[in-house]
K.L.:
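What follows is a single structure, and I will ask about it in a moment.
All residue numbers refer to positions in the sequence shown, counting from 1. In this text the structure is predicted, and so the values were computed from the model without any measurement. The figures that follow rest on heavy atoms only: side chains count, while hydrogens, waters and symmetry mates do not.
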Amino acid sequence: MIEKANLEIFAETLLELAKKDKNVIVVTSDSRGSGKLTSFGNELPDQIIEVGIAEQNLVGVCAGLSAVGKKVFGVSPSSFLTARSLEQIKNDIAYSNHPVTLIGISAGVSYGQLGSTHHSIHDIAVLRAINNIDIVVPADNFETREVIKSAVNYKHPLFIRFGKKPMMKINNGNHNFTIGKGIKLKSGNHLVIISTGETVQRAFKACEILEKNNINPTLISMHSIKPFDEDLFINSIIGSKGVITIEEHSLSGGLGEKCASIMMQNNINLPFKMLGFPDEYMVNGSQADVLDYYNMSSAKIAEIAKKILK
């Protein structure tokens, strides 16, 4: 079943919470519309601040508001927020320990044909390298709603990453959401597929293809990149016949490299495949076109899984 885009759920949930708490403040950089915050601005005009296309200034304003007790959400396109404002994120938010929630919108290759200048395939890598900021990439509306509810009173700097596409419902309502704990969506005995964000949707469909071929994979939505659920990861892959990681991010410094380092440090030797974006000039096209080109279609994921099992 197709539901809303995660960005829409983010905006709806934040509006509900802000109506009950005047300390919830949103700061945007010409992102009210693209962040689905038009209704928020109309209903709570005193709780939204627009700084214009000035991402570095946005982070500084967020830090200042947090310092006086406000519960701040800074909303901006992830490609600019985590590149242009990286120094401010490092110093004003993380180093200074202000519990600001930064929302990177239109992440990954959500901007499609606008090309590499607007792609955000570096954001997880650079923020993983900065102490004292947590990273969450929700896979569907459920994970989005729960992480925003958690973020309002979260005591640490937090970065949440969203794309633009309407999402399929993949959580069945029986799961608990906790920042730092992944969610096992499927339990199987053949191989383990680990994904994060919108690519979990593609992985889920790949699992359905595999199940029709009597292959039962384990599927994990690793929504929290930092802190990382190492226990779930290790316990899931022990006894399996292979591991696939899938991410809408560079292969350098993302989910796949995190999983590979854990396996090496724990002397776990399994067939292993990372799917993501290589270090090259990327092709142009829609989000779906780009993901398909780099072997992240559901059919291609299933094909790669079969090869690993052989």
K.L.:
Would you please test S85 and Q56 for side chain to side chain donor-acceptor pair (under 3.5 Å) and show each step?
P.N.:
CA-CA 5 Å; S85 311; Q56 294 156 307; 5.9 Å; no
K.L.:
Do N131 and Y95 meet the criterion of a side-chain donor-acceptor pair at a distance under 3.5 Å?
P.N.:
no
K.L.:
Looking just at side-chain N and O atoms, do N23 and K70 make a donor-acceptor pair shorter than 3.5 Å?
P.N.:
yes
K.L.:
Would you say the side chain of V192 lies within less than 4.5 Å of the side chain of I194, judging by non-hydrogen atoms?
P.N.:
yes
K.L.:
Examine distances only and state if a side-chain atom of S195 and a backbone atom of A203 form a donor-acceptor pair shorter than 3.5 Å.
P.N.:
no
K.L.:
Side chains of L7 and I105: closer than 4.5 Å at any heavy-atom pair?
P.N.:
yes
K.L.:
Any non-hydrogen side-chain atom of E280 less than 4.5 Å from a side-chain atom of Y294?
P.N.:
yes
K.L.:
For K90 and E87: C-alpha separation, side-chain torsions, deciding distance, then whether salt bridge (Lys or Arg N to Asp or Glu O under 4.0 Å) applies.
P.N.:
CA-CA 5 Å; K90 182 184 75 170; E87 181 180 1; over 6 Å; no
K.L.:
Go through the steps for F177 and H175 under the test ring pair (Phe, Tyr, Trp, His ring centres under 6.0 Å), then give the verdict.
P.N.:
CA-CA 7 Å; F177 181 93; H175 301 116; over 10 Å; no
K.L.:
Could you tell me whether the side chains of S120 and S79 share a donor-acceptor contact shorter than 3.5 Å?
P.N.:
no
K.L.:
Heavy atoms only: give me the nearest R161-I121 pair and the separation to one decimal.
P.N.:
NH2-CA, 4.3 Å
K.L.:
Would a 4.5 Å heavy-atom cut-off, applied to side chains only, mark L251 and D279 as touching?
P.N.:
no
K.L.:
Looking only at non-hydrogen atoms, find the nearest pair between S297 and D292 and report the distance.
P.N.:
CB-OD1, 3.3 Å
K.L.:
Once rounded to the nearest 0.5 Å, what's the spacing between atom CD of E198 and atom CD1 of I246?
P.N.:
14.0 Å
K.L.:
Within this structure, what is the CD1-CZ distance for the pair I48 and R32, rounded to the nearest 0.5 Å?
P.N.:
4.0 Å
K.L.:
Check each of I135, I133, L255, D123 against R128 using the side-chain contact (heavy atoms from CB on, under 4.5 Å) test, and report the only one that passes.
P.N.:
I135
K.L.:
Quick one, P217 and E211 - any side-chain contact, counting heavy atoms below 4.5 Å?
P.N.:
yes
K.L.:
Does the side chain of D140 pick up a donor-acceptor pair with the side chain of N6 at under 3.5 Å?
P.N.:
no
K.L.:
Quick one: closest heavy-atom pair of V136 and S224, and the distance?
P.N.:
CG2-OG, 3.9 Å
K.L.:
Does either side chain, that of E248 or that of Q287, offer a donor lying less than 3.5 Å from an acceptor on the other one?
P.N.:
yes
K.L.:
So N132 and N97, side chain to side chain contact (heavy atoms under 4.5 Å, CB included) or not? Walk me through it.
P.N.:
CA-CA 7 Å; N132 197 38; N97 195 30; 3.0 Å; yes
K.L.:
Could you tell me whether K258 sits above the aromatic face of F228, with NZ or CZ closer than 6.0 angstrom to the six-membered ring centre and within 45 degrees of the axis?
P.N.:
yes
K.L.:
How long is the straight-line distance from CD of E247 back to CD1 of I124, given to the nearest 0.5 Å?
P.N.:
6.5 Å
K.L.:
Going through the checks in order, is the side chain to side chain contact (heavy atoms under 4.5 Å, CB included) test met by K273 and T245?
P.N.:
CA-CA 6 Å; K273 179 68 176 177; T245 63; over 6 Å; no
K.L.:
Would you name the heavy atoms of C207 and I193 that are closest together and state the gap between them?
P.N.:
SG-CD1, 4.0 Å
K.L.:
Between NZ of K181 and CG of L232, what distance do you get to the nearest 0.5 Å?
P.N.:
8.5 Å
K.L.:
Using the side chain to side chain donor-acceptor pair (under 3.5 Å) rule, take Q113 and S286 through it: C-alpha gap first, then chi angles, then the decisive distance, then the call.
P.N.:
CA-CA 6 Å; Q113 288 94 334; S286 68; 5.3 Å; no
K.L.:
Please check if the side chain of T218 supplies one atom and the backbone of G188 the other of a donor-acceptor pair under 3.5 Å.
P.N.:
yes
K.L.:
Can you confirm whether L309 is buried at CG, in the sense that more than 12 heavy atoms of other residues, nucleotides or ligands lie under 6.0 Å from that atom?
P.N.:
yes
K.L.:
Would you say V26 and L37 make side-chain contact, with heavy atoms under 4.5 Å?
P.N.:
yes
K.L.:
Hey, is the main chain of H98 close enough, under 3.5 Å, to the side chain of S96 for a donor-acceptor pair?
P.N.:
no
K.L.:
Salt bridge (Lys or Arg N to Asp or Glu O under 4.0 Å) for K19 and E43? Distances and angles first, verdict last.
P.N.:
CA-CA 9 Å; K19 286 179 178 179; E43 295 193 43; 2.9 Å; yes
K.L.:
On a heavy-atom basis, which atom in G182 and which in D229 lie closest, and how many Å separate them?
P.N.:
N-OD2, 3.0 Å
K.L.:
Can you check whether P99 reaches L158 side chain to side chain, under 4.5 Å on heavy atoms?
P.N.:
no
K.L.:
Just wondering, are more than 12 heavy atoms of other shown residues or ligands nearer than 6.0 Å to CG in N176?
P.N.:
no
K.L.:
Which of these, V283, V290, D289, N284, sits in a side-chain contact (heavy atoms from CB on, under 4.5 Å) with V109?
P.N.:
V290
K.L.:
Using the six-membered ring wherever Trp is involved, compare the ring planes of F73 and F10 and label them parallel, tilted or perpendicular (cut-offs 30° and 60°).
P.N.:
tilted
K.L.:
Is the side chain of S66 donor-acceptor paired with the backbone N or O of G64 at a distance under 3.5 Å, no angle test?
P.N.:
no
K.L.:
For E146 and K149, run salt bridge (Lys or Arg N to Asp or Glu O under 4.0 Å): C-alpha distance rounded to whole Å, both residues' side-chain angles, the deciding distance at 0.1 Å, then the answer.
P.N.:
CA-CA 5 Å; E146 294 304 309; K149 287 160 61 177; 3.1 Å; yes
K.L.:
Determine whether T28 and I49 satisfy the following criterion, side chain to side chain contact (heavy atoms under 4.5 Å, CB included), listing intermediate values before the conclusion.
P.N.:
CA-CA 6 Å; T28 74; I49 297 170; over 6 Å; no
K.L.:
Does a donor on one side chain sit under 3.5 Å from an acceptor on the other, for N141 and K4?
P.N.:
no
K.L.:
For Y293, is the OH atom crowded, meaning more than 12 foreign heavy atoms sit under 6.0 Å from it?
P.N.:
no
K.L.:
What's the spacing between S78 OG and L127 CG if we round to 0.5 Å?
P.N.:
7.5 Å
K.L.:
E16 and K20: salt bridge (Lys or Arg N to Asp or Glu O under 4.0 Å), yes or no, with the steps?
P.N.:
CA-CA 7 Å; E16 293 171 7; K20 301 173 184 176; over 6 Å; no
K.L.:
What I want to check is whether the side chains of T82 and H122 have a donor and an acceptor closer together than 3.5 Å.
P.N.:
yes
K.L.:
Is there a side chain to side chain contact (heavy atoms under 4.5 Å, CB included) between F204 and K186? Walk through the geometry before answering.
P.N.:
CA-CA 9 Å; F204 191 90; K186 289 179 177 287; 3.8 Å; yes
K.L.:
Main chain of A299, side chain of E303: is a donor-acceptor contact present, judged purely on distance under 3.5 Å?
P.N.:
no
K.L.:
Within the structure provided, determine whether C62 and L58 are in side-chain contact (heavy-atom separation under 4.5 Å).
P.N.:
yes
K.L.:
Testing the basics here: between Q47 and F40, what is the closest heavy-atom pair and its distance to 0.1 Å?
P.N.:
O-CE2, 3.4 Å
K.L.:
Does NZ or CZ of K169 come closer than 6.0 Å to the centre of the six-membered ring of F142, within 45° of the ring's axis?
P.N.:
no
K.L.:
Does E55 pair with R84 as a salt bridge, N-O distance under 4.0 Å?
P.N.:
yes
K.L.:
Can N42 and S39 be counted as having a side-chain donor-acceptor contact under 3.5 angstrom?
P.N.:
no
K.L.:
So how far is it from Q201 CD to S221 OG, rounded to the nearest 0.5 Å?
P.N.:
9.0 Å
